Amino acid sequence: MGAWLPLIATDAWKDWLWWAAVFAPCAGAWVTCIPQRWGRALGLGSWCLAWLYLGRDLPLSPRVAGLGALLGLMSLGGFLGILGAGSKAQPLTGAWIALALPVFLIGLPAGFWLFTDPPWPPAVAARMLDLSPAALMMESAGVDFLRLSAIYGPVGADSMDPNLRLAWGNLAGWGGCVLGLCLAMVVCTWRARKMDPKRNS
């Protein structure tokens with residue numbers, strides 16, 4: 001459901017990518033807490049369908065790459081959800097972390113838009129942008145992220161050497177998807193072995 005909320009106000013696909021960069025990891029963590037398989041499939045599928053609908057006029061390559069970035073962020077969020085599910089007191093701990101972390105990583109390069117001048121040297125800002133979920137989502141879908149008005153001035157892109165930072169490519173999101181799934185499998189395997197008394201004896 002959360003994937004479709006922005007459509008109440010706008011159907012601009014670039015605006016939706018910002019939304020997905022912030023909330024898709026949290027949604028991925030939340031989905032892992034749903035016990036029914038059909039519920040998990042519905043949660044995951046709603047985000048994929050929302051992107052495919054909004055990006056329907058895009059060429060195939062950025063549409064598929066954007067889908068990979070979306071699944072990548074959701075799978076990394078799913079890893080945090082599985083990791084946090086070990087807490088009996090707060091099974092949704094991972095979902096809260098998966099919400100706070102993207103907000104932090106997206107806002108940090110621009111100093112959370114609190115300064116009139118760029119808060120970081122170009123080299124530092126470039127590395128922070130590499131870690132931004134918004135950069136991954138936007139650039140995978142073919143958007144020139146550094147040229148967006150919310151980024152260009154606040155991060156000092158005008159003084160950033162073109163060779164200092166390269167945009168994420170078409171396969172970056174799918175790489176994040178594989179990474180998230182592998183991390184989730186490692187945590188699940190470790191937890192299963194820890195709970196198996198035969199393996200611990």
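Please read these numbers as outputs of a predicted model, since none were measured by experiment.
When all heavy atoms of Ala126 and Leu164 are compared, the closest pair comes out as CB-CG, 4.0 Å. Heavy atoms only, all atoms of each residue included: Ser140 and Ala65 are closest at O-CB, 3.0 Å. Smallest separation of non-hydrogen atoms from Gly77 and Ala98: CA-CB, 4.3 Å. Smallest separation of non-hydrogen atoms from Ser61 and Asn170: OG-ND2, 3.1 Å.
With a 4.5 Å cut-off between side-chain heavy atoms of Ile, Leu, Val, Met, Phe, Trp and Tyr, the cluster of Leu42 takes in Trp38.
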(request) Could you go through the side chain to side chain contact (heavy atoms under 4.5 Å, CB included) check for Leu67 and Arg63 one step at a time? (result) CA-CA 6 Å; Leu67 180 63; Arg63 204 183 333 157; over 6 Å; no

(request) Kindly indicate, with the supporting measurements, whether the criterion side chain to side chain contact (heavy atoms under 4.5 Å, CB included) is fulfilled by Thr32 and Arg40. (result) CA-CA 7 Å; Thr32 62; Arg40 294 195 295 270; 5.6 Å; no

(message) Let's go through Leu99 and Val22 carefully: what are the C-alpha distance in whole Å and the side-chain angles of both, what is the deciding distance for side chain to side chain contact (heavy atoms under 4.5 Å, CB included) to 0.1 Å, and is it a yes or a no?
(response) CA-CA 7 Å; Leu99 177 60; Val22 174; 4.2 Å; yes

(request) In sequence, state the C-alpha distance, the side-chain angles, and the governing distance for Trp18 and Ile106, and then conclude on side chain to side chain contact (heavy atoms under 4.5 Å, CB included). (result) CA-CA 10 Å; Trp18 279 104; Ile106 291 171; 3.9 Å; yes

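Heavy-atom neighbours of Arg56 CZ from other residues, nucleotides or ligands within 6.0 Å: above the threshold of 12. For CZ of Phe112, the number of neighbouring non-hydrogen atoms (other residues, nucleotides, ligands) closer than 6.0 Å is greater than 12. In Trp30, the CH2 atom is not crowded: 12 or fewer heavy atoms of neighbouring residues, nucleotides or ligands sit closer than 6.0 Å. Atom CH2 of Trp168 has 12 or fewer neighbouring heavy atoms from other residues, nucleotides or ligands inside a 6.0 Å radius.
Asp130 meets the salt bridge (charged side-chain N to carboxylate O under 4.0 Å, His left out) test with Arg127, Arg165; sequence neighbours excluded.
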Result block: side-chain N/O donor-acceptor pairs under 3.5 angstrom for residues 144-162, not counting sequence neighbours:
unit_1, atom_1, unit_2, atom_2, d
Ser159, OG, Gly156, O, 3.1
Asp161, OD1, Asn163, N, 2.7

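When each of Leu73, Leu70, Leu52 is paired with Trp47, the side-chain contact (heavy atoms from CB on, under 4.5 Å) condition holds for Leu70 and for no other.
In this structure, the side chains of Phe79 and Val186 stay at 4.5 Å or more apart for every pair of heavy atoms. The side-chain heavy atoms of Pro25 and Leu76, taken from C-beta on, include no pair separated by under 4.5 Å.
Side chain of Trp51 to backbone of Trp16: no donor-acceptor contact under 3.5 angstrom is found.
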